[in-house]
Amino acid sequence: MPDNDGWPADRIDTESAHSARIYDYILGGKDYYPADKEAGDAMVREWPAMPVHMRANRDWMNRAVRWLAESAGIRQFLDIGTGIPTSPNLHEIAQSVAPESRVVYVDNDPIVLTLSQGLLASAPEGRTAYIEADFQHPEAVLGSAEFLETLDLDKPVALTVIAIVHFVLDEDDAVGIVRRLLDPLPAGSYLAMTIGTAEFAPDEVGRVAREYAARGMPMRLRTIGEAEEFFDGLELVEPGIVQVHKWLPDGTGEEGVRDEDVAMYGAIARKG
């Protein structure tokens with residue numbers, strides 16, 4: 001668990017579970033509190049495949065960012081809902097391909113801010129920045145000095161929205177939020193997303209969703225048709241919208257993963 005020495009402890013709710021810290025705990029991290037451990041243990045009891053699912057999502061991020069840097073030639077990234085730093089972080093993957101890559105991270109959790117030094121250790125040729133903001137208010141992101149000074153909007157940007165929209169309910173319009181973030185980005189930019197679903201293990205994932213909701217984190221899990229709405233008007237990259245472990249597998253970490261053990265769609269699409 002984290003050392004609070006020097007941290008803005010008054011801003012970190014250590015008594016309530018938090019989705020980023022639950023994720024960190026289940027993946028074997030160390031930046032969590034007892035409430036997060038209790039929640040994670042309860043969720044794994046309901047769905048023992050949850051660690052497999054979370055690792056598959058993390059592996060997808062690694063492959064997707066590498067594809068964007070290598071195959072699409074992207075050198076700028078806007079990462080929404082960054083979460084607790086876990087190496088390799090997005091900028092480490094991008095800069096391993098192109099050291100000049102620039103990354104802007106966005107999260108609204110104070111614990112991510114306190115740990116953000118690992119997100120800001122850019123290669124000297126590139127640059128990283130961190131914005132503390134709620135992605136449900138895109139203007140706070142797009143109007144920030146960090147965004148405007150780090151990214152060049154005359155060149156393509158990859159908008160990455162990974163494992164977050166399932167915490168946005170219908171009344172908050174997740175599709176509209178993502179579109180408002182994408183709209184200012186130039187043609188040739190990309191949207192890379194993972195989207196929570198209960199279509200492959202409805203009973204088990206439904207129980208996990210109830211555990212989240214009981215801790216003040218209601219979820220909106222989406223069908224394939226609802227996932228498609230995020231990509232309307234964009235050109236999907238093959239293989240389209242598929243479970244994350246089926247998206248351009250590279251032979252590392254996917255062996256033996258069953259469809260019913262993964263509750264996340266993943267896709268990348270290009271803005272024309």
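Between Pro239 and Lys246, the closest heavy-atom pair is CG-O, 4.1 Å. Taking every heavy atom of both residues into account, Gly143 and Leu148 meet most closely at O-CD1, 3.9 Å.
Side-chain atoms of Tyr33 and His18 form no donor-acceptor pair, as typed in the model, at a separation below 3.5 Å.
The 12-atom threshold is not exceeded at CD of Glu15, counting heavy atoms of other residues, nucleotides or ligands nearer than 6.0 Å. Residue Glu125 places its CD atom among more than 12 non-hydrogen atoms of other residues, nucleotides or ligands, all under 6.0 Å distant.
By the rule that hydrophobic residues join a cluster once side-chain heavy atoms approach within less than 4.5 Å of another member, Ile111 and Tyr130 end up as members of one cluster. Both Phe167 and Trp47 belong to a single network of hydrophobic side chains, linked directly or stepwise wherever heavy atoms of I, L, V, M, F, W or Y lie under 4.5 Å apart. In the hydrophobic clustering of this structure, Ile162 groups with Ile84; members are Ile, Leu, Val, Met, Phe, Trp, Tyr whose side-chain heavy atoms approach within less than 4.5 Å, directly or through other members. Note on Val168: it does not cluster hydrophobically with Tyr23, by side-chain heavy-atom contacts below 4.5 Å among ILVMFWY residues. Note: the hydrophobic cluster containing Met264 does not contain Ile224 (ILVMFWY, side chain heavy atoms under 4.5 Å, direct or indirect links).
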**Study point:** Arg179 vs Asp183, side chain to side chain contact (heavy atoms under 4.5 Å, CB included): CA-CA, chis, key distance, verdict
**Key:** CA-CA 6 Å; Arg179 193 48 53 115; Asp183 279 348; 3.4 Å; yes
Check your understanding: Is there a salt bridge (charged side-chain N to carboxylate O under 4.0 Å, His left out) between Lys37 and Asp41 once you walk through the steps?
Key -> CA-CA 6 Å; Lys37 181 179 185 301; Asp41 289 342; 3.0 Å; yes
Exercise for review: Before giving the answer on side chain to side chain contact (heavy atoms under 4.5 Å, CB included), spell out for Leu153 and Phe147 the whole-Å C-alpha distance, their side-chain angles and the decisive distance to 0.1 Å.
Suggested key: CA-CA 10 Å; Leu153 294 186; Phe147 174 81; 3.9 Å; yes
**Study point:** Stepwise side chain to side chain contact (heavy atoms under 4.5 Å, CB included) test for Met50 and Met54
**Key:** CA-CA 6 Å; Met50 195 163 181; Met54 288 186 167; 3.3 Å; yes
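Counting only distance, with no hydrogens or angles, the side chain of Arg270 and the backbone of Ala72 share no donor-acceptor pair below 3.5 Å. The closest donor-acceptor contact from the side chain of Asp261 to the backbone of His53 lies at 3.5 Å or more, if one exists at all. Under a 3.5 Å cut-off, the side chain of Glu146 and the backbone N or O of Ala129 do not form any donor-acceptor pair. The backbone N or O of Gln76 sits nowhere less than 3.5 Å from a side-chain atom of Lys155 that would complete a donor-acceptor pair. Here the side chain of Arg222 pairs no donor or acceptor atom with the backbone of Ile195 at under 3.5 angstrom. Using modelled atom types, one side-chain atom of Asp24 and one backbone atom of Asp31 make a donor-acceptor pair closer than 3.5 Å.
Here Tyr265 and Phe200 bring their ring centres to under 6.0 angstrom of each other.
Looking at Glu226 and Arg220, a side-chain N of the basic residue comes within less than 4.0 Å of a carboxylate O on the acidic one, giving a salt bridge. With salt bridges taken as basic N to acidic carboxylate O contacts below 4.0 Å, none links Glu211 and Arg207.
The side-chain heavy atoms of Asp152 and Arg102, taken from C-beta on, include no pair separated by under 4.5 Å.
Tested against His245, the residues Asp59, Asp259, Asn57 include a single side chain to side chain donor-acceptor pair (under 3.5 Å) partner, Asp259.
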